[in-house]
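Order of appearance sets the numbers: ligands from 1, and atoms from 1 within every ligand.
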Amino acid sequence: MAKVLFVNPVIREEDDPKHVPYGMALLASIIMREGHLVQVYDANAWRAGDDVLTQVVQADDWDVIALGGITTAYGAIKHIVGLAKALAPRALVVAGGGFLTSMPHDVMRLLPQVDVGVVGEAFLSFPELLRRVDAGNRDWASVRGLVWRDAAGASHLTPEQPLLDDIDRLPYPAWELFPLDIYFRNSTFGFSEEGMAAKRRLDINASYGCSLICRFCFHLGIAGDMEYVQKDGQPDVRFGYKRAIRYHSPRYVVELVKYARSKFEIDFVSFLDENLMTMHQSSGKTWLTDIARLWIEEGLQPQCVRDGVPHDPERCSGIHWGGTSHATLCSPEVLKAIKAAGCSHLLYGYETFSARVMKTIGKGATPATNERLLRWTMEAGIRPIPNQMIGFPDEDFDSLR
Ligand code: SF4
(Lines give C-alpha, C1' and ligand atoms only; values in the text may rest on other atoms or scores of the structure.)
Protein backbone atom coordinates (compact mmCIF):
# COMPACT_ATOMS: atom_id res chain seq x y z
CA MET A 1 0.00 0.00 0.00
CA ALA A 2 1.13 3.56 -0.68
CA LYS A 3 3.07 5.55 1.90
CA VAL A 4 1.44 8.96 1.90
CA LEU A 5 2.69 12.11 3.58
CA PHE A 6 0.12 14.88 3.92
CA VAL A 7 1.56 18.34 4.49
CA ASN A 8 -0.80 21.01 5.82
CA PRO A 9 0.64 24.35 4.68
CA VAL A 10 0.83 27.44 6.86
CA ILE A 11 -2.18 29.66 6.44
CA ARG A 12 -2.61 33.10 7.99
CA GLU A 13 0.93 33.28 9.29
CA GLU A 14 -0.01 36.21 11.51
CA ASP A 15 -2.72 34.20 13.29
CA ASP A 16 -2.65 31.19 15.59
CA PRO A 17 -3.63 27.81 14.10
CA LYS A 18 -7.29 27.42 14.93
CA HIS A 19 -8.79 24.96 12.49
CA VAL A 20 -7.80 21.36 11.88
CA PRO A 21 -7.96 21.01 8.07
CA TYR A 22 -11.22 19.12 7.80
CA GLY A 23 -10.84 17.96 4.19
CA MET A 24 -7.32 16.66 4.77
CA ALA A 25 -8.43 14.83 7.92
CA LEU A 26 -11.27 13.25 5.95
CA LEU A 27 -9.03 12.24 3.05
CA ALA A 28 -6.52 10.71 5.46
CA SER A 29 -9.31 8.69 7.00
CA ILE A 30 -10.66 7.57 3.61
CA ILE A 31 -7.31 6.28 2.39
CA MET A 32 -6.38 4.68 5.72
CA ARG A 33 -9.63 2.73 5.43
CA GLU A 34 -8.24 1.39 2.14
CA GLY A 35 -5.05 0.29 3.88
CA HIS A 36 -2.63 3.05 2.88
CA LEU A 37 0.02 4.22 5.33
CA VAL A 38 -0.51 7.84 6.26
CA GLN A 39 1.52 10.46 8.09
CA VAL A 40 0.69 14.12 8.53
CA TYR A 41 3.10 17.01 8.86
CA ASP A 42 1.00 19.91 10.07
CA ALA A 43 3.20 22.88 9.18
CA ASN A 44 0.38 25.25 10.05
CA ALA A 45 0.10 23.95 13.61
CA TRP A 46 3.78 23.44 14.33
CA ARG A 47 5.22 26.47 12.51
CA ALA A 48 8.61 24.78 12.78
CA GLY A 49 10.41 26.02 9.68
CA ASP A 50 12.35 24.35 6.89
CA ASP A 51 14.70 22.28 9.04
CA VAL A 52 11.84 20.20 10.37
CA LEU A 53 10.06 20.05 7.02
CA THR A 54 13.29 18.74 5.48
CA GLN A 55 13.58 16.05 8.16
CA VAL A 56 9.98 14.99 7.60
CA VAL A 57 10.29 14.81 3.82
CA GLN A 58 13.48 12.74 4.18
CA ALA A 59 12.16 10.59 7.02
CA ASP A 60 10.75 7.90 4.75
CA ASP A 61 10.58 6.77 1.17
CA TRP A 62 7.21 8.41 0.51
CA ASP A 63 5.23 7.25 -2.50
CA VAL A 64 3.06 10.35 -2.41
CA ILE A 65 3.43 13.78 -0.84
CA ALA A 66 0.01 15.40 -0.85
CA LEU A 67 -1.01 18.90 0.05
CA GLY A 68 -3.59 21.51 -0.71
CA GLY A 69 -5.45 24.50 0.55
CA ILE A 70 -7.26 27.63 -0.42
CA THR A 71 -5.76 30.34 -2.60
CA THR A 72 -4.26 32.28 0.29
CA ALA A 73 -2.06 29.27 1.09
CA TYR A 74 -0.46 29.48 -2.37
CA GLY A 75 2.85 30.94 -1.17
CA ALA A 76 3.31 28.23 1.44
CA ILE A 77 2.27 25.50 -1.01
CA LYS A 78 4.73 26.76 -3.62
CA HIS A 79 7.52 26.63 -1.07
CA ILE A 80 6.63 23.12 0.13
CA VAL A 81 6.33 21.54 -3.33
CA GLY A 82 9.70 23.01 -4.32
CA LEU A 83 11.34 21.51 -1.27
CA ALA A 84 9.49 18.20 -1.58
CA LYS A 85 10.49 17.70 -5.21
CA ALA A 86 14.12 18.53 -4.51
CA LEU A 87 14.43 16.29 -1.44
CA ALA A 88 12.16 13.41 -2.43
CA PRO A 89 12.33 13.21 -6.23
CA ARG A 90 10.81 9.72 -6.29
CA ALA A 91 7.63 10.81 -4.49
CA LEU A 92 4.60 11.78 -6.53
CA VAL A 93 3.66 15.33 -5.53
CA VAL A 94 -0.13 15.67 -5.54
CA ALA A 95 -1.98 18.93 -4.93
CA GLY A 96 -5.67 19.67 -4.49
CA GLY A 97 -8.16 21.98 -2.87
CA GLY A 98 -9.49 25.37 -3.86
CA PHE A 99 -6.21 26.90 -4.99
CA LEU A 100 -5.77 24.25 -7.70
CA THR A 101 -9.39 23.59 -8.52
CA SER A 102 -10.08 27.24 -9.28
CA MET A 103 -7.42 27.33 -12.04
CA PRO A 104 -5.98 23.85 -12.67
CA HIS A 105 -4.07 24.55 -15.89
CA ASP A 106 -2.51 27.71 -14.48
CA VAL A 107 -1.41 26.00 -11.28
CA MET A 108 0.20 23.15 -13.25
CA ARG A 109 2.07 25.77 -15.28
CA LEU A 110 3.08 27.83 -12.24
CA LEU A 111 4.11 24.87 -10.10
CA PRO A 112 6.07 22.40 -12.25
CA GLN A 113 6.91 20.44 -9.09
CA VAL A 114 3.28 19.31 -8.81
CA ASP A 115 2.98 16.03 -10.70
CA VAL A 116 -0.78 15.57 -10.50
CA GLY A 117 -3.63 17.77 -9.31
CA VAL A 118 -6.97 16.62 -7.94
CA VAL A 119 -9.65 18.89 -9.40
CA GLY A 120 -12.78 19.35 -7.33
CA GLU A 121 -13.77 16.92 -4.64
CA ALA A 122 -11.04 14.38 -3.87
CA PHE A 123 -13.13 11.82 -1.96
CA LEU A 124 -13.24 9.48 -4.97
CA SER A 125 -10.37 10.68 -7.19
CA PHE A 126 -7.58 10.54 -4.60
CA PRO A 127 -8.16 6.90 -3.55
CA GLU A 128 -8.38 5.99 -7.24
CA LEU A 129 -5.06 7.75 -7.86
CA LEU A 130 -3.47 5.79 -5.00
CA ARG A 131 -4.71 2.51 -6.44
CA ARG A 132 -2.76 3.40 -9.60
CA VAL A 133 0.30 4.23 -7.51
CA ASP A 134 0.05 0.83 -5.82
CA ALA A 135 -0.24 -0.88 -9.18
CA GLY A 136 2.73 1.03 -10.59
CA ASN A 137 0.40 2.50 -13.19
CA ARG A 138 0.83 6.18 -13.96
CA ASP A 139 -1.84 6.40 -16.62
CA TRP A 140 -3.55 9.41 -15.08
CA ALA A 141 -5.67 10.04 -18.16
CA SER A 142 -8.01 7.25 -17.11
CA VAL A 143 -8.72 8.61 -13.62
CA ARG A 144 -11.57 11.10 -13.39
CA GLY A 145 -11.10 14.45 -11.70
CA LEU A 146 -7.37 14.96 -12.27
CA VAL A 147 -5.12 17.42 -14.03
CA TRP A 148 -1.81 15.95 -15.21
CA ARG A 149 1.12 16.91 -17.37
CA ASP A 150 2.30 15.03 -20.47
CA ALA A 151 5.92 14.47 -21.52
CA ALA A 152 5.89 17.74 -23.45
CA GLY A 153 4.78 19.60 -20.31
CA ALA A 154 1.20 20.31 -21.45
CA SER A 155 -1.49 19.97 -18.79
CA HIS A 156 -4.62 17.90 -19.39
CA LEU A 157 -7.87 17.63 -17.51
CA THR A 158 -9.42 14.18 -17.23
CA PRO A 159 -13.24 13.84 -17.31
CA GLU A 160 -15.15 15.28 -14.39
CA GLN A 161 -15.48 13.16 -11.25
CA PRO A 162 -19.12 13.01 -10.13
CA LEU A 163 -19.71 14.21 -6.60
CA LEU A 164 -20.04 11.57 -3.93
CA ASP A 165 -23.78 11.22 -3.65
CA ASP A 166 -24.29 9.67 -0.24
CA ILE A 167 -21.90 11.61 1.99
CA ASP A 168 -22.90 9.52 5.00
CA ARG A 169 -20.56 6.92 3.46
CA LEU A 170 -17.65 9.12 4.52
CA PRO A 171 -15.70 7.92 7.54
CA TYR A 172 -15.10 10.29 10.44
CA PRO A 173 -12.10 12.62 9.97
CA ALA A 174 -8.76 11.30 11.23
CA TRP A 175 -8.41 14.15 13.73
CA GLU A 176 -5.99 12.04 15.77
CA LEU A 177 -3.27 12.50 13.12
CA PHE A 178 -3.12 16.24 13.85
CA PRO A 179 -1.57 17.97 16.90
CA LEU A 180 -4.85 18.61 18.67
CA ASP A 181 -3.11 19.98 21.76
CA ILE A 182 -2.05 22.99 19.66
CA TYR A 183 -5.49 23.46 18.17
CA PHE A 184 -7.20 23.05 21.54
CA ARG A 185 -4.94 25.78 22.97
CA ASN A 186 -6.55 28.07 20.39
CA SER A 187 -10.11 26.85 20.90
CA THR A 188 -11.47 30.20 22.00
CA PHE A 189 -14.04 31.44 19.53
CA GLY A 190 -15.00 35.06 20.03
CA PHE A 191 -18.57 34.87 18.77
CA SER A 192 -20.31 34.00 22.04
CA GLU A 193 -19.62 33.64 25.75
CA GLU A 194 -19.68 29.86 25.36
CA GLY A 195 -17.32 30.04 22.40
CA MET A 196 -14.98 32.35 24.33
CA ALA A 197 -14.84 29.79 27.12
CA ALA A 198 -14.28 26.81 24.79
CA LYS A 199 -11.26 24.70 25.68
CA ARG A 200 -11.58 21.84 23.23
CA ARG A 201 -13.24 22.99 20.02
CA LEU A 202 -13.37 21.02 16.77
CA ASP A 203 -14.85 22.03 13.41
CA ILE A 204 -17.31 19.89 11.49
CA ASN A 205 -18.76 20.06 7.98
CA ALA A 206 -22.33 18.82 8.22
CA SER A 207 -23.11 19.84 4.64
CA TYR A 208 -21.52 20.90 1.37
CA GLY A 209 -22.50 23.76 -0.91
CA CYS A 210 -25.23 26.36 -0.69
CA SER A 211 -28.48 26.64 -2.61
CA LEU A 212 -28.37 30.42 -2.96
CA ILE A 213 -26.81 32.52 -5.70
CA CYS A 214 -25.18 35.58 -4.15
CA ARG A 215 -23.24 36.90 -7.11
CA PHE A 216 -20.05 37.73 -5.25
CA CYS A 217 -19.74 34.25 -3.72
CA PHE A 218 -17.28 31.66 -5.01
CA HIS A 219 -19.91 29.26 -3.77
CA LEU A 220 -17.64 26.58 -2.50
CA GLY A 221 -17.00 25.60 -6.09
CA ILE A 222 -15.10 22.46 -5.30
CA ALA A 223 -18.18 21.05 -3.68
CA GLY A 224 -20.83 21.44 -6.26
CA ASP A 225 -20.78 24.39 -8.61
CA MET A 226 -17.86 23.48 -10.81
CA GLU A 227 -18.58 22.85 -14.48
CA TYR A 228 -16.32 21.49 -17.18
CA VAL A 229 -16.22 23.64 -20.30
CA GLN A 230 -14.18 23.76 -23.49
CA LYS A 231 -11.73 26.65 -23.51
CA ASP A 232 -9.11 27.24 -26.21
CA GLY A 233 -9.85 23.77 -27.57
CA GLN A 234 -9.37 21.86 -24.33
CA PRO A 235 -11.37 21.10 -21.17
CA ASP A 236 -11.21 23.64 -18.37
CA VAL A 237 -13.33 24.46 -15.33
CA ARG A 238 -15.80 27.23 -14.67
CA PHE A 239 -17.82 28.09 -11.58
CA GLY A 240 -21.49 28.72 -12.02
CA TYR A 241 -24.65 28.39 -10.00
CA LYS A 242 -25.64 24.75 -10.18
CA ARG A 243 -26.47 25.00 -6.50
CA ALA A 244 -25.63 21.36 -5.82
CA ILE A 245 -25.99 20.80 -2.11
CA ARG A 246 -25.50 17.74 0.04
CA TYR A 247 -25.99 17.28 3.73
CA HIS A 248 -25.27 14.52 6.19
CA SER A 249 -28.20 12.88 7.89
CA PRO A 250 -28.97 14.26 11.37
CA ARG A 251 -28.00 10.86 12.77
CA TYR A 252 -24.55 11.02 11.12
CA VAL A 253 -23.97 14.55 12.44
CA VAL A 254 -24.92 13.69 16.00
CA GLU A 255 -22.99 10.40 16.01
CA LEU A 256 -19.92 12.27 14.72
CA VAL A 257 -20.21 14.79 17.55
CA LYS A 258 -20.65 11.97 20.07
CA TYR A 259 -17.54 10.29 18.66
CA ALA A 260 -15.56 13.54 18.91
CA ARG A 261 -16.69 13.99 22.49
CA SER A 262 -15.86 10.45 23.58
CA LYS A 263 -12.50 10.35 21.81
CA PHE A 264 -11.28 13.95 22.17
CA GLU A 265 -13.45 15.34 24.99
CA ILE A 266 -14.57 18.30 22.93
CA ASP A 267 -16.75 21.00 24.48
CA PHE A 268 -17.61 23.08 21.40
CA VAL A 269 -18.38 22.42 17.74
CA SER A 270 -17.98 25.03 15.06
CA PHE A 271 -19.94 24.08 11.95
CA LEU A 272 -17.96 25.15 8.90
CA ASP A 273 -20.94 24.79 6.57
CA GLU A 274 -21.56 27.52 4.06
CA ASN A 275 -25.14 27.97 5.18
CA LEU A 276 -26.89 25.61 7.59
CA MET A 277 -30.27 27.17 6.89
CA THR A 278 -30.33 26.28 3.19
CA MET A 279 -30.00 22.62 4.15
CA HIS A 280 -32.80 23.00 6.66
CA GLN A 281 -34.97 24.65 4.02
CA SER A 282 -34.24 22.06 1.36
CA SER A 283 -35.00 19.20 3.76
CA GLY A 284 -38.54 20.50 4.21
CA LYS A 285 -37.56 22.31 7.41
CA THR A 286 -36.66 19.14 9.27
CA TRP A 287 -32.86 18.94 9.15
CA LEU A 288 -31.82 21.33 11.91
CA THR A 289 -34.76 20.51 14.13
CA ASP A 290 -33.96 16.78 13.81
CA ILE A 291 -30.31 17.48 14.62
CA ALA A 292 -31.42 19.51 17.64
CA ARG A 293 -33.79 16.78 18.82
CA LEU A 294 -31.14 14.06 18.49
CA TRP A 295 -28.54 16.34 20.11
CA ILE A 296 -30.73 16.44 23.22
CA GLU A 297 -31.82 12.78 23.10
CA GLU A 298 -28.21 11.63 22.80
CA GLY A 299 -27.05 13.62 25.83
CA LEU A 300 -25.16 16.39 24.03
CA GLN A 301 -27.35 19.22 25.34
CA PRO A 302 -25.29 21.59 27.52
CA GLN A 303 -26.18 21.43 31.21
CA CYS A 304 -26.47 25.23 31.47
CA VAL A 305 -29.09 25.30 28.70
CA ARG A 306 -30.99 22.40 30.22
CA ASP A 307 -31.04 24.00 33.67
CA GLY A 308 -31.54 27.56 32.42
CA VAL A 309 -28.47 28.90 34.25
CA PRO A 310 -25.51 31.00 33.03
CA HIS A 311 -22.76 29.02 31.32
CA ASP A 312 -20.01 27.98 33.73
CA PRO A 313 -17.24 26.25 31.74
CA GLU A 314 -15.99 24.47 34.87
CA ARG A 315 -19.33 22.83 35.54
CA CYS A 316 -21.14 22.70 32.22
CA SER A 317 -21.32 19.37 30.45
CA GLY A 318 -22.54 18.86 26.91
CA ILE A 319 -21.52 20.53 23.68
CA HIS A 320 -22.21 24.11 22.65
CA TRP A 321 -22.01 24.96 18.99
CA GLY A 322 -22.26 27.67 16.38
CA GLY A 323 -22.74 27.90 12.64
CA THR A 324 -24.09 29.87 9.73
CA SER A 325 -27.55 31.14 8.92
CA HIS A 326 -29.38 33.30 6.41
CA ALA A 327 -31.67 36.26 6.94
CA THR A 328 -34.67 34.96 5.03
CA LEU A 329 -34.48 31.24 5.66
CA CYS A 330 -34.86 30.92 9.35
CA SER A 331 -37.74 31.25 11.75
CA PRO A 332 -38.33 31.71 15.49
CA GLU A 333 -39.26 28.00 15.66
CA VAL A 334 -35.96 26.67 14.33
CA LEU A 335 -34.00 29.22 16.37
CA LYS A 336 -35.76 28.06 19.53
CA ALA A 337 -35.08 24.40 18.69
CA ILE A 338 -31.37 24.86 18.05
CA LYS A 339 -30.93 27.11 21.07
CA ALA A 340 -32.29 24.27 23.22
CA ALA A 341 -29.61 22.03 21.72
CA GLY A 342 -26.79 24.41 22.63
CA CYS A 343 -26.42 26.72 19.62
CA SER A 344 -24.71 29.82 20.98
CA HIS A 345 -24.04 31.90 17.87
CA LEU A 346 -25.07 32.16 14.23
CA LEU A 347 -23.17 34.00 11.53
CA TYR A 348 -25.28 36.04 9.14
CA GLY A 349 -23.96 37.27 5.83
CA TYR A 350 -25.93 40.49 5.94
CA GLU A 351 -23.39 42.10 3.59
CA THR A 352 -25.26 45.42 3.30
CA PHE A 353 -28.34 47.28 4.47
CA SER A 354 -28.84 49.01 1.13
CA ALA A 355 -31.92 47.58 -0.61
CA ARG A 356 -30.45 48.53 -3.98
CA VAL A 357 -27.12 46.79 -3.40
CA MET A 358 -28.85 43.75 -1.91
CA LYS A 359 -30.79 43.38 -5.11
CA THR A 360 -27.80 43.67 -7.39
CA ILE A 361 -25.74 41.14 -5.43
CA GLY A 362 -28.60 38.62 -5.44
CA LYS A 363 -28.63 38.27 -1.68
CA GLY A 364 -32.30 37.37 -1.53
CA ALA A 365 -32.79 39.49 1.58
CA THR A 366 -33.94 43.01 2.41
CA PRO A 367 -32.98 45.50 5.12
CA ALA A 368 -36.22 44.52 6.87
CA THR A 369 -35.38 40.78 6.89
CA ASN A 370 -31.88 41.58 8.14
CA GLU A 371 -33.28 43.56 11.06
CA ARG A 372 -36.00 41.00 11.77
CA LEU A 373 -33.49 38.17 11.95
CA LEU A 374 -31.24 40.11 14.25
CA ARG A 375 -34.17 40.53 16.63
CA TRP A 376 -35.41 36.92 16.33
CA THR A 377 -31.95 35.51 16.93
CA MET A 378 -31.38 37.62 20.03
CA GLU A 379 -34.86 36.79 21.34
CA ALA A 380 -34.00 33.09 20.98
CA GLY A 381 -30.91 33.64 23.15
CA ILE A 382 -28.47 33.07 20.29
CA ARG A 383 -25.81 35.64 19.52
CA PRO A 384 -26.13 36.90 15.92
CA ILE A 385 -22.82 37.71 14.23
CA PRO A 386 -23.48 39.98 11.27
CA ASN A 387 -20.96 40.04 8.44
CA GLN A 388 -20.85 43.25 6.45
CA MET A 389 -19.05 43.98 3.21
CA ILE A 390 -18.06 47.32 1.81
CA GLY A 391 -17.06 48.01 -1.77
CA PHE A 392 -19.51 46.16 -4.01
CA PRO A 393 -19.11 47.39 -7.60
CA ASP A 394 -22.20 49.60 -7.51
CA GLU A 395 -21.70 50.79 -3.94
CA ASP A 396 -21.80 54.53 -3.31
CA PHE A 397 -21.72 56.77 -0.26
CA ASP A 398 -25.49 56.58 0.12
CA SER A 399 -25.49 52.77 0.22
CA LEU A 400 -22.96 52.84 3.03
CA ARG A 401 -25.02 55.14 5.27
S1 SF4 B 1 -25.77 32.52 1.33
FE2 SF4 B 1 -23.56 32.61 1.79
S3 SF4 B 1 -22.70 30.71 0.96
FE4 SF4 B 1 -24.73 30.96 0.06
S5 SF4 B 1 -24.37 31.98 -1.90
FE6 SF4 B 1 -24.80 33.59 -0.39
S7 SF4 B 1 -22.78 34.21 0.42
FE8 SF4 B 1 -22.50 32.24 -0.66
*asked:* Would Glu121 and Arg246 count as a salt bridge (Lys or Arg N to Asp or Glu O under 4.0 Å) here? Give the steps.
replied: CA-CA 13 Å; Glu121 194 166 271; Arg246 291 162 298 160; 2.6 Å; yes
_Tell me whether atom 8 (Fe) of ligand 1 has Cys214 as a neighbour, meaning an N, O or S atom of it below 2.8 Å._
no
*Going by the atom numbers of ligand 1, which of them fall below 4.0 Å from some non-hydrogen atom of Glu274?*
3 (S)
*asked:* Would you say CE of Met389 has more than 12 non-hydrogen atoms from neighbouring residues, nucleotides or ligands within 6.0 angstrom?
replied: yes
*What are the atoms of ligand 1, with element, lying closer than 4.0 Å to any heavy atom of Phe216?*
7 (S)
*Parallel, tilted or perpendicular: which describes the rings of Tyr259 and Trp175, with under 30° parallel and over 60° perpendicular?*
parallel
*Mind checking whether Asn275 contacts ligand 1 via backbone (N, CA, C, O), side chain (CB onward), both or neither, at a 4.0 Å heavy-atom cut-off?*
side chain
*Which ligand 1 atoms, with their elements, are less than 4.0 angstrom from a heavy-atom of Lys363?*
1 (S), 6 (Fe), 7 (S)
*Give a yes/no verdict on a cation-pi contact between Arg201 and Phe189, requiring under 6.0 Å between NZ or CZ and the six-membered ring centre and an angle within 45° of the axis.*
yes
*Is atom 4 (Fe) of ligand 1 under 2.8 Å from any N, O or S atom of Cys210?*
yes
*Classify the angle between the aromatic ring planes of His320 and Phe268 as parallel (below 30°), tilted (30 to 60°) or perpendicular (above 60°).*
parallel
